[in-house]
Amino acid sequence: MSTTQELHDLPAQYVPDQTERAIYERWVEAGIFSAGEKRSKRNGGDRDPFVIIMPPPNVTSVLHMGHGLNNTVQDVIIRWRRMAGDDALWLPGIDHAGIATQNIIERQLAEEGKTKFDLGRQAFVERTISFVEQTGGEILQQLRAIGASCDWNRTAYTLSPELSRAVREAFVQLYDRGLIYRGHRVIHWCPRCLTSLSDEEAQHGEETGKLYHIAYPIVGAKGNASLTVATTRPETMLGDVAVAVHPDDERYKKLIGKSVLLPIANVEIPIIADEYVDPAFGTGVVKITPAHDSNDFEVGMRHKLPMPVIMAPDGTMENVADADSRVPAELVGVDRFEARERIVESLEKSGLLKKVEPHQHAVRHCYRCDTVVEPRLSDQWFVKMEPLAKPALKAVRDGTIRILPERWEAVYINWLENIRDWNISHQLWWGHRIPVWYCEKCDRQIVSRTDVTACDKCGGPVRQDEDVLDTWFSSWLFPISTLGWPDKSAAPLVAFYPTDDLITAPEILFFWVSRMIMAGYAFMDAQPFHTVYLHGTVRDTHHVKMSKSLGNGIDPLDVVASYGADALRYTVIAGMGMGADLVLDPQDLERSFAPGRNFATKLWNIGRFLLANVGTSPVRSVDELLDGELTLADQWILGRLNATIFECDAALGRPRPTKGKWRPEERYSGLRLSEYAEAARRFVWNDVADWYLETTKGRIGAGGSDSEVARAVLTHVFDYALRLLHPIMPFITETLWQRLPFPVAADRCEFLAIAPWPLGHLPPKSEIESISRFDLVREAVSAIRQIRSDYAIPPGKSIEAFVKSPANGQLFTDHARLIGQLARAVVNISAAPADSAAAHSVLADGSELVVPLGGVVDLSKECGKLRGELEQLETQLESLSKRLRNEGFLSRAPAAVVESEREKEDEWIKRREQLAEKVKALCGG
RNA sequence: GGGCGAGUAGCUCAGUUGGUUAGAGCGCCUGCCUUACACGCAGGAUGUCGGGGGUUCGAGUCCCUCCUCGCCCA
């Protein structure tokens, strides 16, 4: 804890890495990041739970700017709720990341000149486990450096025994409900990873390829009549089992039922009719390759066509199944792209290649290795999604769950309405093995929660399905499995489920977010969270997504080392509008993070001023200060503090829906973190530092009761400013807060991190008036400063100012000294000496301010300035008056608007009169 | 092909049911080491709110259309 000694010793410069680490340790030691299931209201406690489940980074990840952004947002929200008195839980975790991790190990092996098959499955998995043990979860360590206030005691891992148990349970439950089935169909296949991919894992990119027009001779036709088909993948023609035309296409009606001769493969295939064919595309004739195209597969099913597989898993040509000798000997073993070239060449020679044209089309790529995905007929496990999607759709439609920004709700709904079954079996070695066993003897299929050693029917030997589950099959359970599911009475599950906010990037809306919602309803019959907050992507100045491989990344740890975690956090939060991308310059960290770094320094220096001037002895409590003791400046800053609390609260919004469902008016508001940050910054910098703190100079040093009032108010407003800023800048605020000279009686927490979040009060009229009265004082100061600047009066030179105020004479009399102090002038509340040359200004309330300047003043410049002002005012006044004379405006605009326009007109007229008089007197009309 | 988003100061972006003279940070210009802070202070310049049309008393905000860029889904 702070000793008296420490209070004096704020270094002149804030050095983040000297302090941040130590503070983090102390937070952890004090256990303030640990949520207690007994404290949750759902478990007999007295606090509302507030829970965020961290999107688990891949076990192999290291911290990059995307994580920095994602986790800063989560930490800001969780710290806010913790201070607000909730039982706040931020649960961290990591994902075993099936394909991604396996690819890394395979790459390592490749460098050693080996493949996974050289090791065999068991050794491969062991090697992966030891790799993960060494490097895995490094990112969770790194998160501490940016201040992440996770409950580390609950750190989860998708491949842990507990979560594995949940995965099996989920599989078995869905299987028992008839929602998991084994399907024989065309799936996306990665020839490099040698696994199937789900629809979401096969990502498409626009590419310019070629469209080949190929003639298939018509069997039994006269001459060399043929049908021309167009395809982008000629190599798949070896798997063609038909050509199809639209049933209503007059050009081809007569040919339906006849056959064509498939070139190269030399087999006859029928001409069929199917509505799937678009007569307008290409020639209106489509080749049907059921085993290598998902649309063709559907056609094949409808027409009960054979489905020859003509490509091996690794993408080379081969007569795999039902293909006879369709692939000629010279093409067997040839890679698909090489085969394409050769087939095209051969067709050209035989005159069957009619045309080749450039073609823009979408090509799917493996989301992990970017290899072109091959559609391939295969046996896979699928989850029937439509029944699961129903409650997930309803939840967003009825406001149980909201998605921010709002526009993503439409994307979510559109996807769920057209949802397709989920291919969950992957031909990998790293992941949860599918809990299905097959009896070698009676062929029985056994789905089980526990390992099976013998057939429960015939006692025969069994073998487990070779495949593993899609990584997302464990991730989608994360909100429930990390809290103890399938044990529905587990204390954490009872206390913390449903959780509150889910904060992630839009890229995984389908992969993860929507599936978690489905799992929540499927297994807990309740939504996993009520708010999905989708933030933007971190990009460089060319708007290219930052990534290590592109070399345009920023290492958050570098930023932390150079500028501190708080600078990083503030910059990220303040610079990011709701859902907008965050653009940073990897070439210029100095510039990118200046906003946060500068603001941290500002806070530090306010702290230094405060400790040097207010000192270390306890201050009076603001609660016991009497109204009469407070100066106008005190009232103003307290009023501004209150207004700022409201602004911050308004920007943050409601933490949870009122009665389980978001009401329309609150649904899309809140979590405007940049607005919250800006409101707090404005208060600290523009109000406290620029004005209030300056007014205390001279007061505090003077001793006596007013000195005590100033000490108390300054300490109080800084205390509360630090509270407001703590979620964004936890380290520096905690450091400073620890040293504040709190009132003796203050019942204060040990840490700012758990100090109560400020509460605003409805401002009484007097408070609002104080603010506007002090604003006038500030305006007078600004007016003198402006004159100083206009006439280049050296700052050191004191000047004299005269204020004549018909409306607010007393106010200026009372604050003449303060105005003088702030503007470095001697202020007289009286008319200026008539004959002297002077600079002039007219304030908003019509008060006139005159600064005699002796020989310095340039009369024509002064006249020009005043005339300019007058002219501008008159233009504005004219349009305002016109509006107020407009019948339409008066009758249709709300009364309040008309009223305020009238008031404004009065004010402007007053000011115009003053200005006009001034111009007349000074410039002779 | 379908859907969505963006285009506001030199740069990055705010601008919540249409209602003051459109804002912030960074950058820029001028003057200042005014004993918390030059990572600062004071003052200042800069916008036909992408183009065009419309609705309205009133449009950066709503509607239509066009242009440019980006994202998602087939």
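Chain letters run A, B, ... following the sequence lines, proteins first and then strands; every chain starts at 1.
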Side-chain N,O (A/N418) to OP1/OP2 (B/rC73) below 4.0 Å: no

Sugar-phosphate, base or nothing in reach of A/Q13, heavy atoms under 4.0 Å: base

Between P of B/rU20 and CG of A/D906, the distance in whole Å: 18 Å

Sugar-phosphate, base or nothing in reach of A/S789, heavy atoms under 4.0 Å: sugar-phosphate

Atom pair distance, as rounded to whole Å: CG in A/D585 and C1' in B/rG27: 13 Å

Protein-nucleotide distance (A/E406, atom CD; B/rU16, atom P), rounded to Å: 13 Å

A/R539 side-chain N/O to B/rU12 phosphate OP1/OP2 under 4.0 Å: no

Sugar-phosphate only, base, or nothing, as touched by A/E694 at under 4.0 Å among non-hydrogen atoms: base

A/E874 and A/R912, any side-chain heavy atoms less than 4.5 Å apart: yes

Whole-Å distance separating the CD1 atom of A/I799 from the P atom of B/rG43: 13 Å

Atom pair distance, as rounded to whole Å: CD1 in A/I732 and C1' in B/rA36: 13 Å

Touch class at under 4.0 angstrom, heavy-atom based, for A/A689 against every strand present: base

Nucleotide B/rC26, atom P - distance to CD of A/E678 in whole Å: 11 Å

Length of the line joining A/L603:CG and B/rC37:P, which is rounded to integer Å: 16 Å

Position toward the 5' end of RNA chain B (nearest nucleotide), A/N605 or A/R597: A/N605

A/K602 to A/W604 six-membered ring, cation-pi geometry met (6.0 Å, 45°): no

From B/rG43, B/rA36, B/rC39, nucleotide with atom closest to A/I606 side chain: B/rA36

Plane angle bin for A/W472 and A/F511 - parallel if under 30°, tilted between 30 and 60°, otherwise perpendicular: parallel

Rounded distance (Å) that lies between atom C1' of B/rC72 and atom CH2 of A/W512: 20 Å

Sugar-phosphate only, base, or nothing, as touched by A/L509 at under 4.0 Å among non-hydrogen atoms: nothing

Touch class at under 4.0 angstrom, heavy-atom based, for A/R591 against every strand present: base

Ring-face cation contact, A/W422 with A/R185, 6.0 Å cut, 45° max: no

Shortest non-hydrogen separation from A/W415 to A/S514 and the atoms involved: CZ3-OG, 3.2 Å

Side chain of A/L693 - closest among B/rU12, B/rA36, B/rG43: B/rA36

A/R892 side chain near B/rC57 phosphate (N/O to OP1/OP2, under 4.0 Å): yes

Modelled atom types, side-chain donor and acceptor of A/E417 and A/Y412, under 3.5 Å: no

Nearest non-hydrogen partners of A/L849 and A/A783, listed with the distance: CD1-CB, 4.2 Å

Flag for A/R569-A/T72: side-chain donor and acceptor within less than 3.5 Å: no

Contact under 4.0 Å: A/W685 side-chain N or O vs B/rC39 OP1/OP2: no

Salt bridge (charged side-chain N to carboxylate O under 4.0 Å, His left out) partner of A/E647, chosen from A/R682, A/R672, A/R681: A/R682

RNA chain B: stems of at least 3 consecutive Watson-Crick or G-U pairs whose donor-acceptor distances fall under 3.5 Å: B:1-7 with B:67-73, B:10-13 with B:23-26, B:28-32 with B:40-44, B:50-54 with B:62-66

N/O (side chain, A/K602) to phosphate O (OP1/OP2, B/rC41) under 4.0 Å: yes

5' precedence on RNA chain B between A/R824 and A/V411 (nearest-nucleotide basis): A/R824

Side-chain N,O (A/K697) to OP1/OP2 (B/rA36) below 4.0 Å: yes

